[in-house]
Amino acid sequence: MDKLPKVGIPIIIIIILSIIILAKSAVTIGSGEAGVLYKTFDKGVVTDAPPLGEGFHIIAPWNKVIIYEVRQQELFEKMKVLSSNGLEIQIDASAWYEPVYNELGNLHQSLGENYLARVIQPAIRSAARSVVGRYTPEQLYSSKRDAIQDEIFTETKKILEKQYVQLNEVLVRDVTLPNTIKDAIERKLKQEQESLEYEFRLVTAAKEAEKVIIEAQGKADANKILSASLTDKILQDKGIEATIKLSESPNSKVIVIGSGDSGMPLILGNN
């Protein structure tokens, strides 16, 4: 009876230690995540092997795993930058990014878990200042939003090229100008639109006038040609043809008496 407790205590201790070791050794990595293995008694962060994927893993209890989200993530940024003429512009943009999966160990070793604030935010802000500084407020407000979006993406991607981060897209959601500048640009655009409309009306009127002149000239030329071709003989023949047709009409009574001064018959009488 006295021996049972002495035997049971070590077993209980072993069981407790086993549970603790198992708890320290078991790592579950969720969906859309990956783990960076840190070996305490070896070289530290493992950079020469792929990260631990989703699922259940057993590691040595003295090692640890740092879990990262490897799905695409979105960063929202409101930035105040200067245009080419020194006016302050607010840009609302978002960036889609994700860590480079196979370089997760290097990312953790060089930048750490706070890599968003350390490299991505400074990169997109720097690119936005550089790009917007090339354009005037008028260009940013009207026609260049797609251009600055593409240029910010290109420059940010270039900065992040060796930072173990993959930039997928940059979207410029809004460009906000000072109200006074915005109102002035809108007035200018309205005036330009009215000027274009007035010029269009002038061009249309000029084309209509030209069309009328051409038609009138055509008619005049046709009449001139026709007049030149109508000899007395042709007119006399045409008159005879008309007289014959008139005499054949059942609704007309035609009496021919003598002839006119031009040699044409005279027709008297009708219903």
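Just the heavy atoms: all of them, side chains too, but no hydrogens, waters or symmetry mates, feed the values below.
The two residues V45 and V36 make their nearest non-hydrogen contact at CG1-CG1, 3.6 Å. Shown here for E103 and Y164, the closest heavy-atom pair between the two residues is CB-CD2, 3.7 Å. In plain terms, the two heavy atoms of A49 and V46 that are nearest each other are CB-CG1, 3.9 Å. The two residues N63 and K39 make their nearest non-hydrogen contact at OD1-CA, 3.1 Å. The shortest heavy-atom contact between M79 and A128 is SD-CB, 3.7 Å. L104 approaches A34 most closely through the heavy-atom pair CD2-CB, 3.7 Å.
The 12-atom threshold is not exceeded at CD of E210, counting heavy atoms of other residues, nucleotides or ligands nearer than 6.0 Å.
The backbone N or O of Y135 sits less than 3.5 Å from a side-chain atom of S84, completing a donor-acceptor pair. A donor-acceptor pair under 3.5 Å is formed between the side chain of T40 and the backbone N or O of W62. When atom types are taken as modelled, the side chain of E155 and the backbone of I152 share no donor-acceptor pair closer than 3.5 angstrom. A donor-acceptor distance shorter than 3.5 angstrom exists from the side chain of R118 to the backbone of L111, with no hydrogens or angles considered.
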Please assess K80 against I89 for the test side chain to side chain contact (heavy atoms under 4.5 Å, CB included), listing each intermediate value before the final yes or no. CA-CA 6 Å; K80 291 186 177 181; I89 310 294; over 6 Å; no

Go through the steps for V132 and L82 under the test side chain to side chain contact (heavy atoms under 4.5 Å, CB included), then give the verdict. CA-CA 7 Å; V132 173; L82 299 180; over 6 Å; no

With side chain to side chain contact (heavy atoms under 4.5 Å, CB included) as the test, would you mind laying out the steps for S83 and T136 before giving the verdict? CA-CA 6 Å; S83 65; T136 64; 5.9 Å; no

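In this structure, E113 and I66 have side chains that are in contact, with non-hydrogen atoms separated by less than 4.5 Å. Counting heavy atoms from C-beta outward, E77 and S94 have side chains that stay 4.5 Å or more apart. Using a 4.5 Å heavy-atom threshold, the side chains of V65 and I59 count as touching. Between P99 and V165 the shortest side-chain heavy-atom distance does not fall below 4.5 Å. Annotation: side chain of V172 is not in contact with side chain of D92 (no heavy-atom distance under 4.5 Å). You'll find the side chain of N168 stays beyond 4.5 Å of the side chain of Y97, heavy atoms only. Two residues are said to be in side-chain contact when any heavy atoms from C-beta on lie closer than 4.5 Å; V70 and E33 fail this criterion. Taking the side chain as every heavy atom from C-beta outward, R134 and E151 approach each other to under 4.5 Å.
To the nearest 0.5 Å, the span separating OG1 on T28 from CD1 on I67 amounts to 8.0 Å. Once rounded to the nearest 0.5 Å, the distance linking CG of L160 with CD of Q166 reads 11.0 Å. Separation of atoms CG (N114) and CD (Q121) is listed at 8.5 Å; rounding is to 0.5 Å. Atom-to-atom distance recorded for K157:NZ and Q163:CD is 13.5 Å, nearest 0.5 angstrom. In this structure, the separation between NZ on K78 and CZ on R125 is 13.0 Å, given to the nearest 0.5 Å. For the atom pair CG of L107 and OH of Y101, the computed distance is 13.5 Å after rounding to the nearest 0.5 Å.
Side-chain atoms of Q149 and D146 form no donor-acceptor pair, as typed in the model, at a separation below 3.5 Å.
For the pairing with I91, the side chain to side chain contact (heavy atoms under 4.5 Å, CB included) check across V175, V131, I124 returns one residue only, V175.
Applying the side-chain contact (heavy atoms from CB on, under 4.5 Å) rule to T176 yields the partners Q90, D174; only residues at least two apart in sequence or on another chain are considered. With sequence neighbours left out, I159 forms a side-chain contact (heavy atoms from CB on, under 4.5 Å) with A123, S126.
Under a 4.5 Å side-chain heavy-atom criterion applied to ILVMFWY residues, the cluster that includes W96 comprises L171 as well.
A salt bridge is absent between R129 and E88; no separation between the charged side-chain nitrogens and carboxylate oxygens falls under 4.0 Å.
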